[in-house]
Amino acid sequence: MGRGGSTSSSSSLESSNYPALTSRSSSLYQQNRDLSTDLRLGLSISTSQQGNPSIPSESDWPPIKPILKKELAAEENECNSATFFVKVYMEGIPIGRKLDLLAHDGYHDLIRTLNHMFNTSILWAEMDGDEHSEQNHVLTYEDKEGDWLIVGDVPWEMFLSSVRRLKITRADI
Amino acid sequence: MNYFPDEVLEHVFDFVTSSRDRNALSQVCKSWYRIESSSRQKVFIGNCYAISPERVIERFPALKSIALKGKPHFADFNLVPHEWGGFVYPWIEAFARNRVGLEELRLKRMVVSDDSLELLSRSFANFKSLVLVSCEGFTTDGLAAIAANCRCLRELDLQENEVEDHRGHWLSCFHDSHTSLVSLNFACLKGDINLGVLERLVARSPNLRSLRLNRAVPFDTLQKILMQSPNLVDLGVGSYVHDPDSETYDKLVTAIEKCKSVRSLSGFLDVAPHCLPAFHSICPNLTSLNLSYAPGIQGGELTKLIRHCRKLQRLWILDCIGDKGLEVVASTCKDLQELRVFPSDPYIGHAAVTEEGLVAISSGCPKLHSILYFCQQMTNAALITVAKNCPNFIRFRLCILDPTKPDAVTQQPLDEGFGAIVHSCRGLRRLSLTGLLTDQVFLYIGMYAEQLEMLSIAFAGDSDKGMQYVLNGCKRLRKLEIRDSPFGNGALLMDVGKYEAMRSLWMSSCEVTLGGCKTLAKKMPRLNVEIMNENEQTDFIFDDAQKVDKMYLYRTLAGQRKDAPDFVWTL
């Protein structure tokens, strides 16, 4: 009845009890995630679930509405592709670069990339005392309020929420 | 008995609004039946196949508002084959033909075609309210018809429907003179929306109190809409990705501060990290918060938000809040009545909350009466503690992601834990169980769960005795749904009369055979016993010993339904 019929034939495949025909290639309880991520997040890897014949098929367990399941799966995929590009200038060089902050997992990673990108070694808030003399440049950032601050004082997530752009200035301030 | 004229009785009956109470009234005597039936305006039909539309119209000539439910509950989890049924068209067609003065229609788990919506929109001049929950079969073209033709429409509420989106022109179909909107919820639509049309619609709707946007509505439109509608009571945020331009963000903060009436918040379908603080100013007024569709909000941010929500009564969230986050809920939300915690990572089969979160909530929130909790593990000790802390549960639904997992500490079945729940919660009306469970838990349920009306069982029990305990003991049982449990014909046929006192029974992947179902159908002509088999073998119908994949039976006055698809046999 009505025009809804044309959509239902394709989705009837999804709702059948045959092995799930979803886009994910993993079966429900296969651990194909990055295990180091699991450990870092403090998650335990359950072995009891693997190979258990009574675990229900992916399409009807756990009992949450398909529309919610789709939203959550979509977010999973998006998380892996989110980006946050900011401009980076080095003092004295008029042409800047752009850098994806979300492709880095913390300050150390960021400094490493910048050191490489600008072929220098960069000072930031958390460096040890004896390394200071070695650094030619300092990494600073402009926050949402327009103030310039040294990078590294606040937690990484907080930094991500307030940074607008980066600047590498000479160390002799 | 009748010391009063009919008009007086009718006036008294006007104060009785719940369907159950009115059903009770109508059974007192013949004249009360007559008066009640001729004056009832709001009708609830729990199973659209239990009765024909014509009979409903005949009995309730003053009908103005009707709620209908179609597919069985397990259809929510893909267990019911797609073309099973639950069509609303015959109902609308019958109402139109009989010139029912329909004003409100509420549908749950039904198939709603564009033709139905078109017919609905043209047939009832005073139509005011359309609420569709978990329905399917329609497109935005059907919505366009509703928008264009229902000139008195006050409410269009689409909750979790599967809608084929033909892009945003349906909103433009609301006439410029349409200023009566009170409630508009299109959060489940996937497609784009004409933002200018939306803004103008909101601007000309001074009575708008509830607005839930979809993910196509961006941050700056949200800000403009909130400036237009400071009297909103219920807000569903669509996309919440703020752009680095802080001016829009500041404007939003100002707009939100003006919305002093907002009591209910939901949505955040797309979220950029760290911009929730804009909402902190309305959090102290919130009584309802639904962030189950916001997987983009990290646990820490969630917790920070909730710390401001001291008046919360209803909370739906994802498990990324963690046990620690639930402790924050427990210490902040002392008025909490209903909690739902959904798994944010359903495909991996790992939940981020355990029994600890549940125990924390139970000890911190004395008014808690409804819970739906997806978790990684559970223990008997935790359930016993929860039962002691919260004897007022009306609904208790626990879903352990590994459905046959035993007590995480003792490795014992969870019989004792659930037994404590039913023993302590005398008013329990709805229960869902998971975990390693033997027949013993059903003995407890049969013994103690006197008010139980709905029971959902998955992967539980050892033998027919389990189901028998329940059927024997739970006098108020109305809906029983069972999957993947070893209950067979012995249980099914033990008390066949019971099924006429219930709305429905669902059994899938159990031990019942075709022969058992045939026997039942033969004994009980006023039940529809429907069988669904995946294999579609035509010789199936002759092999009585074969197990039935899916059986759904329900009491009915309408006889066998005529719209069943090929794979459904009514015995």
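Order of the sequence lines sets the chain letters (A, B, ...), proteins ahead of strands, with each chain counted from 1.
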Checking heavy atoms, do the side chain of [X], its backbone, both or neither come under 4.5 Å from chain A?
| X | answer |
| --- | --- |
| B:N161 | backbone |
| B:A458 | side chain |
| B:F74 | neither |
| B:T434 | side chain |
| B:L117 | neither |

Check: Any chance the side chains of A:S121 and A:N115 put a donor and an acceptor closer than 3.5 Å?
Finding: no
Item checked: side chain to side chain contact (heavy atoms under 4.5 Å, CB included) partners for B:D76, two or more places apart -> A:K65, B:H73, B:R109, B:S134
Check: Looking at residues at least two apart in the chain, or sitting in another chain, which of them share a side chain to side chain contact (heavy atoms under 4.5 Å, CB included) with B:A145?
Finding: B:E118, B:S121, B:N149
Notebook entry, point to check: Where do B:R215 and B:D270 land on the salt bridge (charged side-chain N to carboxylate O under 4.0 Å, His left out) test, with the steps shown first?
Noted result: CA-CA 7 Å; B:R215 101 186 307 138; B:D270 257 327; 3.1 Å; yes
Notebook entry, point to check: Quick one: what part of A:E145 sits under 4.5 Å from any heavy atom of chain B, side chain, backbone, both or neither?
Noted result: neither
Note to self: Please tell me whether A:W124 and A:Y141 form a close aromatic pair, meaning their ring centres lie under 6.0 Å apart.
What the structure shows: no
